[in-house]
Amino acid sequence: MKTEVNKCIFAGIGKHPETCDGSCYPSVLAHGLSGDGGFIATSNIPKKYRNSTFKTLPIKEENPQAYAVAEAYIKDVLNYVEKGVGLFFYSVPNKDNPRGTGTGKTQTATAIGNEFIKARIVEHTKGENQITNQPTLFVRVAEFQNTYNKQFRGGFEEQEKATNKLNRMIKGMANAELLLLDDISLRSSTEAMTNLLYEILDERYINEKPVIFTSNFPLEMIGETLNEQIKSRIEGMTEQIAFKGKDFRKGGIL
């Protein structure tokens, strides 16, 4: 059965055909033999954004600066990730969009994440730089917080399950070459949870492993909802990029 155009991240690139049976080595690495596995699936990027690429970004008109940053980053994505260059995508609320939602932050972050997976697979298949860890990992901060909190709720089995999941998440967040943290500072958290998040970010900073953050709030508010340490660490490891405009989700674009 042929792979649909929008199912293969290599479709139409170079000598890769617009449609294929999904059996070529790059496609298997990206999507697995089933077409629903591989590094794309293990990236944890939501299915809604698994086809996100630079070509699909709808932000150029409303956010030309963010579009230019994404373009520059993707064109040299291997180098930027190697150097540990992170990004902080945040919203600028307005009267038509007071919460700053749906401006394209997550789609832009996942487009960069998908483009990095593609670039790493190309490197791997050429034998230039073997993939030993997950190239891109997407983590919703709300899910991370919920998993942490579930360790202390319910019965023993539920707590143990949550602890095991949290440990897997922490390991993945530490080892991934490029980490995408979605909706950081969506809500406040306990001191212990905040300290854990700081430790993860600090470890990545020390090892020059980049993080791309999305937030509906500017960096200044991170210190209020989380703490000043996390705010300072994010400030030191990222370039801050503002997103403005209407909520594209209401129009079904994002």
Side-chain angles (χ1 to χ4, degrees), residues 40 43-75 77 80-81 85-117 135-145 173 176 178-189 197 200-201 204 210-226 230-231 233-254:
I40 295 294
S43 72
N44 201 42
I45 289 175
K47 287 187 177 181
K48 181 177 182 179
Y49 298 111
R50 286 187 186 175
N51 297 322
S52 295
T53 64
F54 177 69
K55 290 183 179 180
T56 67
L57 288 182
I59 66 170
K60 188 174 184 178
E61 183 176 344
E62 291 275 358
N63 291 284
Q65 181 185 12
Y67 184 86
V69 168
E71 181 177 30
Y73 199 104
I74 288 170
K75 281 184 176 179
V77 66
Y80 279 120
V81 172
V85 178
L87 299 169
F88 181 79
F89 295 152
Y90 68 97
S91 292
V92 178
N94 58 68
K95 64 178 182 179
D96 297 319
N97 188 4
R99 296 183 60 192
T101 57
T103 54
K105 301 181 300 295
T106 299
Q107 184 164 359
T108 304
T110 53
I112 293 173
N114 285 332
E115 296 283 5
F116 180 62
I117 291 175
T136 297
L137 181 66
F138 178 96
V139 174
R140 291 187 301 112
V141 177
E143 180 185 3
F144 184 68
Q145 288 180 275
M173 291 164 74
L178 175 62
L179 178 62
L180 312 180
L181 284 185
D182 193 49
D183 270 342
I184 190 169
S185 195
L186 184 64
R187 63 176 187 263
S188 59
S189 64
L197 182 58
I200 294 170
L201 297 181
R204 291 192 66 86
V211 182
I212 296 179
F213 301 85
T214 73
S215 173
N216 287 337
F217 308 101
L219 188 56
E220 289 71 21
M221 293 186 66
I222 299 294
E224 298 176 14
T225 54
L226 294 175
I230 288 182
K231 172 194 168 186
R233 178 54 69 235
I234 294 174
E235 189 172 24
M237 64 193 302
T238 65
E239 296 291 333
Q240 299 174 52
I241 310 298
F243 282 69
K244 59 183 180 179
K246 60 186 179 181
D247 189 338
F248 286 101
R249 291 175 189 160
K250 292 183 178 179
I253 297 176
L254 296 179

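Results of the side chain to side chain contact (heavy atoms under 4.5 Å, CB included) test with Gln107 over Thr53, Ile59, Thr56 single out Thr56 as the only residue that passes. Checked against Phe138 for a side chain to side chain contact (heavy atoms under 4.5 Å, CB included), the options Ile212, Leu181, Asp182 give a single hit: Asp182.
Comment: Lys75 engages Glu71 in a salt bridge, judged by a side-chain N to carboxylate O separation of less than 4.0 angstrom.
Contact of the Val139 side chain with the Met173 side chain is registered, since non-hydrogen atoms from C-beta on lie closer than 4.5 Å. Residues Lys231 and Leu219 are in side-chain contact: their nearest non-hydrogen atoms beyond the backbone lie under 4.5 Å apart. In this structure the side chain of Phe116 never reaches within 4.5 angstrom of the side chain of Ser43, judged on heavy atoms. Residues Thr103 and Glu62 form no side-chain contact, since every pair of their non-hydrogen atoms from C-beta on lies 4.5 Å or further apart. The shortest side-chain heavy-atom distance between Phe88 and Ile222 falls under the 4.5 Å cut-off.
The CD atom of Glu235 lies 13.5 Å from the CD1 atom of Ile230; values are rounded to the nearest 0.5 Å. Taken from CG in Leu197 to CZ in Arg233, the straight-line distance is 12.0 Å, to the nearest 0.5 Å. One distance of note links CZ of Phe217 with OG1 of Thr225; it measures 7.0 Å at 0.5 Å rounding. Put simply, OG1 on Thr108 and CZ on Phe54 are 9.5 Å apart, with the number rounded to the nearest 0.5 Å. The OH atom of Tyr90 sits 14.0 Å away from atom OG1 of Thr214, with the distance rounded to the nearest 0.5 Å. Taken from CD in Gln145 to CG in Asp183, the straight-line distance is 10.5 Å, to the nearest 0.5 Å.
For Tyr67 and Phe243, the distance between ring centers is not under 6.0 angstrom.
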Using the rule given for side chain to side chain contact (heavy atoms under 4.5 Å, CB included), can you reason through Tyr73 versus Val85, listing the C-alpha separation, both sets of side-chain angles and the distance that settles it, and then say yes or no?
CA-CA 9 Å; Tyr73 199 104; Val85 178; 4.2 Å; yes

Check against side chain to side chain contact (heavy atoms under 4.5 Å, CB included), Arg204 and Leu179
CA-CA 9 Å; Arg204 291 192 66 86; Leu179 178 62; 3.7 Å; yes

Residues Asn63, Lys244; criterion side chain to side chain contact (heavy atoms under 4.5 Å, CB included); working and verdict:
CA-CA 7 Å; Asn63 291 284; Lys244 59 183 180 179; 3.5 Å; yes

Criterion side chain to side chain contact (heavy atoms under 4.5 Å, CB included) on Ile184 and Leu226, from CA distance to verdict:
CA-CA 9 Å; Ile184 190 169; Leu226 294 175; 3.9 Å; yes

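For Tyr80 against Ala72, the heavy-atom pair with the smallest separation is CE1-O, 3.4 Å. Taking both residues in full, the closest heavy atoms of Val77 and Glu115 are given as CG1-O, 4.4 Å, listed atom of the first, atom of the second, then distance. Across every non-hydrogen atom of Thr136 and Ile45, the tightest pair is CG2-CD1, 4.3 Å. Minimum heavy-atom separation, Ser52 to Asn114: O-ND2, 2.9 Å. Of all heavy-atom pairs between Ala242 and Ala66, the closest is O-CB, 4.2 Å. Smallest separation of non-hydrogen atoms from Leu180 and Thr110: CD1-CA, 4.0 Å.
The environment of CD in Gln240 is crowded: more than 12 heavy-atom neighbours from other residues, nucleotides or ligands sit within 6.0 Å.
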